[in-house]
4 protein chains.
Amino acid sequence: MVYKRSDRTEERKDEKRKLIFETAAQIFAENGYHQTSVKDITEKAGISVGTFYLYFKNKEDLFEKLYDETAQMSSDISKYAIYEKKSETVAERFSRAVTASFWTFQKYKDLARIMLIEAVGLNPQFEKKYAELMQRSYKEMEIVLTELKKKGLVDIPDAKVAAVAFEGSCMTYITYWLRTDDKSDLNAHAYSLIIFILQALKVNFKDEDVKRYIKDILEELENKKDRFMKFR
Amino acid sequence: MVYKRSDRTEERKDEKRKLIFETAAQIFAENGYHQTSVKDITEKAGISVGTFYLYFKNKEDLFEKLYDETAQMSSDISKYAIYEKKSETVAERFSRAVTASFWTFQKYKDLARIMLIEAVGLNPQFEKKYAELMQRSYKEMEIVLTELKKKGLVDIPDAKVAAVAFEGSCMTYITYWLRTDDKSDLNAHAYSLIIFILQALKVNFKDEDVKRYIKDILEELENKKDRFMKFR
Amino acid sequence: MVYKRSDRTEERKDEKRKLIFETAAQIFAENGYHQTSVKDITEKAGISVGTFYLYFKNKEDLFEKLYDETAQMSSDISKYAIYEKKSETVAERFSRAVTASFWTFQKYKDLARIMLIEAVGLNPQFEKKYAELMQRSYKEMEIVLTELKKKGLVDIPDAKVAAVAFEGSCMTYITYWLRTDDKSDLNAHAYSLIIFILQALKVNFKDEDVKRYIKDILEELENKKDRFMKFR
Amino acid sequence: MVYKRSDRTEERKDEKRKLIFETAAQIFAENGYHQTSVKDITEKAGISVGTFYLYFKNKEDLFEKLYDETAQMSSDISKYAIYEKKSETVAERFSRAVTASFWTFQKYKDLARIMLIEAVGLNPQFEKKYAELMQRSYKEMEIVLTELKKKGLVDIPDAKVAAVAFEGSCMTYITYWLRTDDKSDLNAHAYSLIIFILQALKVNFKDEDVKRYIKDILEELENKKDRFMKFR
DNA sequence: CATGAATGAGTCTTCATTCAT
DNA sequence: CATGAATGAAGACTCATTCAT
C-alpha cells in the first residue's frame with residue numbers, strides 16, 4: 001500500500017518533469033534560450049515557478065539536462081543504427097548512421113535546434129561541455145576512420161580532419177534542411193548527403209545499395225520508435 | 001585651420017570606433033555576447049558608457065556591425081582568392097577558396113568566433129539575418145557546382161546538398177581547429193580538408209598541385225594583407 | 001483552505017496596490033512627477049523595485065491609473081452633489097457642485113496637485129488624455145448652461161465660453177487656495193467663489209440660501225465619506 | 001574703431017541669444033520641457049552645444065529666462081492696455097486688459113504654452129517662482145478690485161477670491177482657445193469672456209461699448225507691435 | 001568665441017531565484 | 001509537494017554638462 005502510493009507519486013513526479021522538459025524544449029526552440037524566461041516555461045506548462053525549482057536547480061540546469069538527454073537519445077539511435085545490425089559494407093554503416101541522424105532530428109525538431117543552435121554559444125561553462133561532447137564524437141569517428149583506413153576501406157590523408165568534416169557536413173546540412181524544407185523528402189536529402197560523404201571518404205558503394213540501406217534503417221527506426229523516445 | 005582640425009577629429013573618431021570594435025570582438029569572443037555587458041566593453045576600452053553610445057546605437061547594433069564588417073572582409077578575401085587569379089583547374093579554385101577561409105579566420109580568431117559561434121542562436125531578428133547570409137553563400141556555391149557538374153568537372157547527385165555540405169565541413173572544421181590547435185600548421189590542416197572536399201566532389205587533382213595551390217594563395221594573402229584588414 | 005489563503009492573498013495584494021498608490025501620490029505631490037524616481041516610491045513604501053513592477057507596468061502607468069482613479073472619484077462626488085438631491089434652484093445646483101469640488105480637493109490634497117498641476121504638461125500622450133478629459137467636462141457644463149439659458153435662468157452671451165470660464169475660475173481658485181491657505185475656512189472661500197460665478201452667469205440667488213446650500217452639501221459629504229473614498 | 005567692433009560683437013551675441021530663445025520656445029511648445037533635450041535645441045538652432053552653454057547657464061536657466069522675458073512682455077502689454085490710456089469706465093479698463101491678454105497669447109502661441117502649461121509643474125524650485133509670480137499678479141488685481149469695490153464700481157464679497165477667479169477664468173479660457181480654435185475670431189471670444197467677467201464683478205457696461213473697447217485696443221496693439229515684441 | 005566629443009551619474013526595467021504560507 | 005508574491009542585483013541606455021582644441 002505504501003509502495004503503491006510512493007510509486008504513483010514517483011510517477012507523477014516523472015510526469016511533471018517530463019512536462020517541464022517538453023514545454024521548455026518547445027519554447028527554447030521557438031524563442032531561443034535567452035529569450036525564454038522561467039516564467040514563460042512555467043506558464044505554458046501550467047505550473048508555478050516554485051514547482052519549477054522543485055524539479056530543476058535552475059534554468060541552466062534544465063537546459064543542460066535537456067541537452068544531455070537529447071544527446072543521449074541521439075547517441076542511442078546512432079548506436080543502434082551502427083551496431084545493432086552488423087553492417088556488411090562500409091557504405092551500409094555510414095548510410096545507416098547518417099540516415100539515423102536525419103530521422104532523429106526530423107522526429108525531434110525542437111531538440112535539433114537546442115542541440116545544434118542554442119547550445120553553441122550559450123556561455124563559457126556550457127561551451128566547454130559542448131566542446132567536449134563534440135570532441136568525443138569526433139574522436140569516435142576518428143577511431144572508426146583510422147581503422148577503416150588501415151584496412152584500405154577509406155582513403156583520406158587525415159582521419160581526424162575527415163571525422164570533423166564528416167560530422168560538420170552532416171550537422172550543417174541537417175540544420176539547413178530543418179530550417180527550410182519542412183522535413184519532407186528525407187530519403188532524397190539523406191541520399192545526396194551520403195553520396196557526398198562516401199565520395200569524400202572514397203568508400204566503394206553502389207547507388208542502389210545506398211538507397212536500400214536508407215530504406216531499411218528508416219523502417220527499423222519507425223518500428224522501434226518507442227524504444228528511443230524518452231519524451232515527447 | 002578648421003579643415004585640419006576637422007580632419008584630425010574625424011581620424012580620432014575612426015580610431016575610437018575601431019578601438020570599440022576590436023575590444024568588443026575580443027570580449028565577445030572570450031565571454032560570449034550575452035555574458036558581455038556594455039560596461040565590460042567600455043571599461044576594457046578605457047572609455048565611458050556615453051562614448052559607446054556615441055558610436056553605436058546599442059549593444060546589438062555594435063554586434064551587427066561587427067558581424068557585417070567581418071562578413072564583408074571574409075567575403076572580400078574569398079572573392080580575391082577565387083577571382084583575382086583565373087584558376088587553371090577546379091582543384092585550384094577550391095583549394096584557394098578553402099585556404100583563404102583558413103587564413104582569414106586564423107588572422108581574425110576573435111571574429112571567427114563571432115561569425116561562427118556567437119551569431120548562431122543570438123535572437124530571432126539576428127537569426128533571420130544570419131540564415132539569409134548562409135542561404136546566399138550556399139546559393140552561390142550551388143550555382144558554381146551546378147555549372148561544374150554540367151561540364152562534368154564534379155560528380156555529385158545534388159548541387160544544393162553538396163554546396164551546404166561543402167560549406168558545413170569547411171566551417172565546422174575551421175571552428176574545431178581554432179578551438180583546439182592553436183592555429184599552427186595551417187598548411188597541413190587545409191590540405192587534408194581540401195582533399196576531403198575534392199574527393200567528395202569527385203574533382204580530379206594531384207596531391208602536389210593542391211599543396212602548391214595552398215602555398216601560393218597563402219603567400220599572396222600575406223603580401224596583400226593590408227588590402228583586406230579593415231581593423232585589428 | 002485554498003480559498004481562504006487565496007482570499008487573504010488577494011486582500012494583501014489590494015493593500016499593497018493601495019500602499020504604492022498612496023505613497024506615489026504623496027511623493028508626486030511633494031516633488032513632482034519628473035523629480036520622482038521609481039526607487040523613491042519603493043523606498044518610501046518599504047517595498048522592492050521588483051514589487052513595484054508587479055503591480056504597475058511602469059511609472060507612467062502608475063501615474064495614469066492614479067489620475068484616472070482620482071478623476072473618477074472627483075466625478076463621482078461631483079455627480080452626487082448635482083444629481084443625488086434634486087436642486088430646487090440653479091443657485092443650489094451650482095453651489096453644491098462648486099462646494100463639492102472644494103471638499104474633494106481638500107480631502108485629497110495630494111491628488112489635487114496631481115490632477116491640477118502634475119498632469120498638465122506631462123508628455124504629449126498624456127497631454128491628449130488630459131485635454132480630452134477637460135473637453136468632456138467643458139462640454140457637459142456647456143450643455144447644462146445652454147439648457148438654463150434657454151429657460152432664461154442664466155444670462156450669458158456664449159455657453160461654451162462661460163462653461164470654460166466657470167471651470168477655470170473654480171479650478172484656479174482651488175489650486176491657489178490649496179497652495180496657500182491650509183485648507184482652512186472652506187466655507188468662506190467656497191461662498192465667495194460661488195457668488196463670483198453666480199453673478200457671472202446672472203443667476204438669481206439669495207446670500208443666505210447659498211450659505212445654506214454650502215452647509216448642507218458639506219454635511220452630506222462628510223456623512224457619506226466612505227462611499228467615495230477609494231483610497232487614502 | 002574698437003567700439004564699433006565691440007558693438008557689432010554685442011549685436012551678434014544678442015542675435016544668437018535671440019536665436020536660441022526663439023528656437024527653444026518653439027521646441028518647448030511642441031514637445032514640452034522634459035521631452036526637449038539641449039541637443040534638440042542646438043541642432044534646430046544650428047549651433048553647437050558648447051555655444052548654448054556660452055549663452056545660458058543651463059537648460060533650466062534658459063527656461064527661466066524665457067519665462068521671465070515672456071512674463072515681462074505680457075506684463076508690459078497688459079500695463080499698456082490698462083494705463084496708457086486713462087480708461088473712462090471700469091468696463092473699458094477690464095475689456096482692454098482681457099483683450100490684451102488674448103492678443104498677446106495669440107501672437108506668441110509658443111510662449112503661451114510655456115507660461116501656462118510647461119511652467120506649471122516643472123520642479124519645486126521653479127514652482128516657487130511660478131507661485132510667486134501668480135501671487136503678485138493676483139495681489140495687483142486684488143488691490144484694483146478692492147479700490148473699485150470701495151468706490152462701489154464692482155460688487156463682490158471678497159476681492160482676493162474675485163481676483164484669482166478673474167485671472168483663472170481668463171487664463172483657462174485662453175489656454176482652451178489656443179488648444180482648439182486656431183486663434184480665429186479673437187473678437188468674439190474675447191467679447192464673451194469679458195461679459196462673463198464683467199457680470200461676475202457686477203460692473204455696469206453696455207454691450208456696444210465693450211465691443212468698441214475691444215476693437216480699439218486691438219488696433220492700438222497692432223500699431224505698436226514693435227514696441228513690445230522683444231523676440232520672434 | 002565656437003565646437004562637439006567625452007563624460008558618468010542617474011533611471012528605468014527585467015528576471016532568476018527564494019521562501020513563507 | 002505546490003504556490004506565487006517578493007526580492008534586488010544587474011544591465012541597458014540617456015542626457016545635461018564640461019573642456020580640450
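Within every chain, numbering begins at 1; the chains are lettered A, B, ... in the order of the sequence lines, protein sequences first and strands thereafter.
The nucleotide whose nearest atom lies closest to any side-chain atom of Val49(B) is, among dA9(E), dA9(F), dT18(F), dA9(E). Closest to the Ser37(C) side chain, of the nucleotides dA16(F), dC12(E), dA12(F), is dC12(E). With distances taken from any side-chain atom of Leu54(A) to the nucleotides dT3(F), dA6(F), dT11(E), the minimum falls on dT3(F). Side-chain proximity of Tyr53(D) to the nucleotides dA6(F), dT17(E), dT17(F) is greatest for dT17(F). Taking every side-chain heavy atom of Ile47(C) into account, dT7(F) is the closest of dT7(F), dT17(E), dA2(E).
In this model, the phosphate group of dA16(F) is not approached by any side-chain N or O of Asn58(D) to a distance below 4.0 Å at OP1 or OP2. Between Lys16(B) and dA6(E) there is a side-chain polar atom (N or O) within less than 4.0 angstrom of OP1 or OP2. Distances shorter than 4.0 Å separate some side-chain N or O of Tyr55(B) from OP1 or OP2 on dA6(E).
In this structure, Ile41(A) places its CD1 atom 14 Å from C1' of dT17(E), rounding to the nearest Å. One atom, NE2 of His34(D), and another, C1' of dT14(F), lie 14 Å apart when rounded to the nearest Å. Put simply, CG on Leu62(B) is 14 Å from C1' on dC13(F), counting in whole angstrom units. Atom CZ of Phe52(D) and atom P of dC1(E) are 17 Å apart (whole Å). A straight line from CG of Leu19(C) to P of dA6(F) spans 10 Å, rounded to a whole angstrom. Atom CD of Glu43(C) is separated from atom C1' of dT7(F) by 14 Å (rounded to the nearest Å). Across the protein-nucleic acid pair, Phe56(D) atom CZ and dA16(F) atom P stand 15 Å apart, rounded to whole Å. Whole-Å rounding puts the Asn31(A) CG to dT14(E) P distance at 17 Å.
Between Glu127(B) and Arg113(A) there is a salt bridge, with a side-chain nitrogen of the basic residue lying less than 4.0 Å from a carboxylate oxygen of the acidic one. A salt bridge between Glu69(C) and Arg17(C) is present, with a side-chain N of the basic residue lying under 4.0 Å from a carboxylate O of the acidic one. Residues Lys65(C) and Asp61(C) are paired through a salt bridge, judged by an N-O separation under 4.0 Å between the basic side chain and the carboxylate.
Counting only distance, with no hydrogens or angles, the side chain of Lys59(C) and the backbone of Thr36(C) share a donor-acceptor pair below 3.5 Å.
Remark: dC19(F) base-pairs with dG4(E). Criterion, Watson-Crick or G-U wobble with two distances under 3.5 Å.
The nearest heavy atom of DNA chain E to Lys39(C) and to Gly50(C) marks one nucleotide each, and the one closer to the 5' end goes with Lys39(C). Nearest-nucleotide mapping onto DNA chain E: of Ser48(D) and Thr36(C), the residue sitting toward the 5' end is Ser48(D). For Thr51(C) and Asp40(B), each mapped to the nucleotide of DNA chain F holding its nearest heavy atom, the one lying further toward the 5' end belongs to Thr51(C).
Partner of Phe21(B) under the ring-ring contact (aromatic ring centres under 6.0 Å, His included) criterion, chosen from Phe28(B), Phe63(B), Phe56(B), Tyr67(B): Phe56(B).
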